[in-house]
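See below for the structure under consideration.
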Amino acid sequence: MLCSSFRSATASLGLGRRAASTIAQKYSHAVYSAALSKSPQTLTKVQSELNAISNTLKDVPDLKAFVSNPTLSAKDRSSGLAVLYARTESSLLKKEPVSDITKNLFAVLSDNGRLGETQGVIEGFNELVAKYKGELEVVVTSAAPLPKDLSSRLETILKQSQTAQQAKSLKITNKVNPSVLGGIVVNFGDKSIDLSVSSRVNKLNNILQRMFYLFLHGLVANLLHRIRIDTRMS
């Protein structure tokens with residue numbers, strides 16, 4: 001049933017665009033252009049660093065809170081970035097210092113009070129790199145890890161899509177998010193297919209809210225009508 005719905009969604013191409021911060025996109029393009037202008041090798045290095053930073057922020061709550069706090073002083077932001085670089089360098093395979101391009105990116109984000117855009121900037125950067133390399137990364141979000149058979153069937157369907165056929169390679173990542181309740185949300189490129197239970201619940205809630213509003217509106221109108229009748233009779 002799920003694969004059937006997904007096949008219909010991909011075939012119709014009625015795909016919604018993912019909401020993306022235009023601010024994050026601006027920084028993504030800037031760091032991508034800066035890295036690629038140096039060399040493809042530099043682009044790869046910067047991508048490794050940014051992904052390591054992303055993982056560090058996910059694994060270290062204090063650092064995640066740091067980039068999310070816009071009220072910190074310039075001194076505190078500088079100290080926090082130094083800690084972030086140190087943790088990132090220790091997680092890199094070659095244990096090399098973080099590149100100037102990456103440091104310049106975070107210096108600008110910090111100066112402009114945009115450290116909170118970090119994850120969006122990294123995601124946008126990865127999308128640009130994937131497009132440059134002819135890769136298509138598909139992120140399938142589900143409430144629990146997808147069974148292998150279902151994952152294989154989704155991969156087969158995706159490979160038949162026009163977008164996938166234009167790519168040199170296809171990479172599918174399964175992310176687990178209990179808030180989707182059931183079903184799946186598929187993101188690839190700037191497109192999104194929402195087949196989650198939470199989406200259906202939200203739609204149902206909206207319908208119920210509208211019904212309640214109409215019921216309440218009718219109840220009030222009927223009450224006012226009765227009041228007018230009682231007034232005339234008296």
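All heavy atoms count here, side chains included; hydrogens, waters and symmetry mates do not. It should be emphasised that the depicted structure is a prediction, and the values quoted were computed from it without experimental measurement.
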Quiz prompt | Considering all heavy atoms, the nearest A52-L92 contact | solution = CB-CD2, 3.8 Å
Practice problem: Keeping the roles fixed (side chain from S37, backbone from A34), state whether a donor-acceptor pair exists under 3.5 Å. | Solution: yes
Quiz item: Can you check whether F106's main-chain N or O pairs, donor with acceptor, with S110's side chain at less than 3.5 Å?
Solution: no
Quiz item: What residues form a side chain to side chain contact (heavy atoms under 4.5 Å, CB included) with D111, not counting sequence neighbours?
Solution: none
Self-check item: CA sep, side-chain torsions, deciding dist, call: I23, V121, side-chain contact (heavy atoms from CB on, under 4.5 Å)
Solution: CA-CA 8 Å; I23 295 174; V121 172; over 6 Å; no
Quiz prompt | Same apolar cluster: V176 and L146, side chain cutoff 4.5 Å | solution = no
Exercise. Quickly, which of I172, T173, N187 forms a side chain to side chain contact (heavy atoms under 4.5 Å, CB included) with V138? Name it, please.
Key: I172
Practice problem: Please report the C-alpha distance between F125 and Y27 in whole Å, then the side-chain angles of each, then the deciding distance to 0.1 Å, and finally whether the side-chain contact (heavy atoms from CB on, under 4.5 Å) criterion is met. | Solution: CA-CA 8 Å; F125 177 85; Y27 289 105; over 6 Å; no
Exercise. Hey, could you give me the CD1/CD distance between I53 and Q119, rounded to the nearest 0.5 Å?
Key: 10.0 Å
Quiz item: Which residues pass the side-chain hydrogen bond (donor to acceptor under 3.5 Å, both in side chains) test with N51, sequence neighbours left out?
Solution: N126
Quiz item: Which pair of non-hydrogen atoms, one from L72 and one from R77, has the smallest distance, and what is that distance?
Solution: O-NH1, 2.8 Å
Exercise. Grab the two heavy atoms, one from V98 and one from K103, that are nearest each other, plus how far apart they are.
Key: O-CE, 3.6 Å
Self-check item: Side-chain touch V31/N104, heavy atoms, less than 4.5 angstrom
Solution: no
Exercise. Please test T88 against S91 for side chain to side chain donor-acceptor pair (under 3.5 Å), starting from the C-alpha separation and ending with a verdict.
Key: CA-CA 5 Å; T88 300; S91 67; 5.3 Å; no
Self-check item: Value rounded to 0.5 Å, distance of CG in L150 from CD in E155
Solution: 12.0 Å
Quiz prompt | Shortest non-hydrogen contact between S28 and G124, atoms and distance | solution = OG-CA, 3.5 Å
Self-check item: Spacing of CG belonging to L36 relative to CD belonging to Q41, to within rounding of 0.5 Å
Solution: 10.5 Å
Quiz item: To the nearest 0.5 Å, what is the distance between CG (L63) and CG (L115)?
Solution: 11.5 Å
Quiz prompt | For S73, side chain to side chain contact (heavy atoms under 4.5 Å, CB included) partners two or more places apart | solution = K75, D76
Quiz item: Can any side-chain N or O of N174 pair as donor or acceptor with the backbone N or O of P145 at less than 3.5 Å?
Solution: no
Quiz prompt | Distance (rounded to the nearest 0.5 Å) between S48 OG and E96 CD | solution = 9.5 Å
Practice problem: Heavy atoms only: give me the nearest L57-K64 pair and the separation to one decimal. | Solution: O-CB, 3.3 Å
Quiz prompt | Pairing residues for P61 by the side chain to side chain contact (heavy atoms under 4.5 Å, CB included) criterion, not counting sequence neighbours | solution = none
Exercise. Could you list the residues that satisfy side-chain hydrogen bond (donor to acceptor under 3.5 Å, both in side chains) with N55, not counting sequence neighbours?
Key: none
Practice problem: Flag the pair L43 / Y132 as yes when at least one side-chain heavy-atom distance between them is below 4.5 Å, and no otherwise. | Solution: yes
Practice problem: Kindly write out the residues that satisfy side chain to side chain contact (heavy atoms under 4.5 Å, CB included) with S99, not counting sequence neighbours, or none if the list is empty. | Solution: K45, V46, E49, I101, T102
Quiz item: Just wondering, do Q47 and K133 contact through their side chains at under 4.5 Å, heavy atoms?
Solution: yes
Quiz item: For the side chain of N177 and the backbone of S179, is there at least one donor-acceptor N/O pair under 3.5 Å apart?
Solution: yes
Quiz item: How about V139 and V186: do any of their side-chain heavy atoms sit closer than 4.5 Å?
Solution: no
Quiz item: Between atom OG1 of T56 and atom CD of E89, what is the distance when rounded to the nearest 0.5 Å?
Solution: 10.5 Å
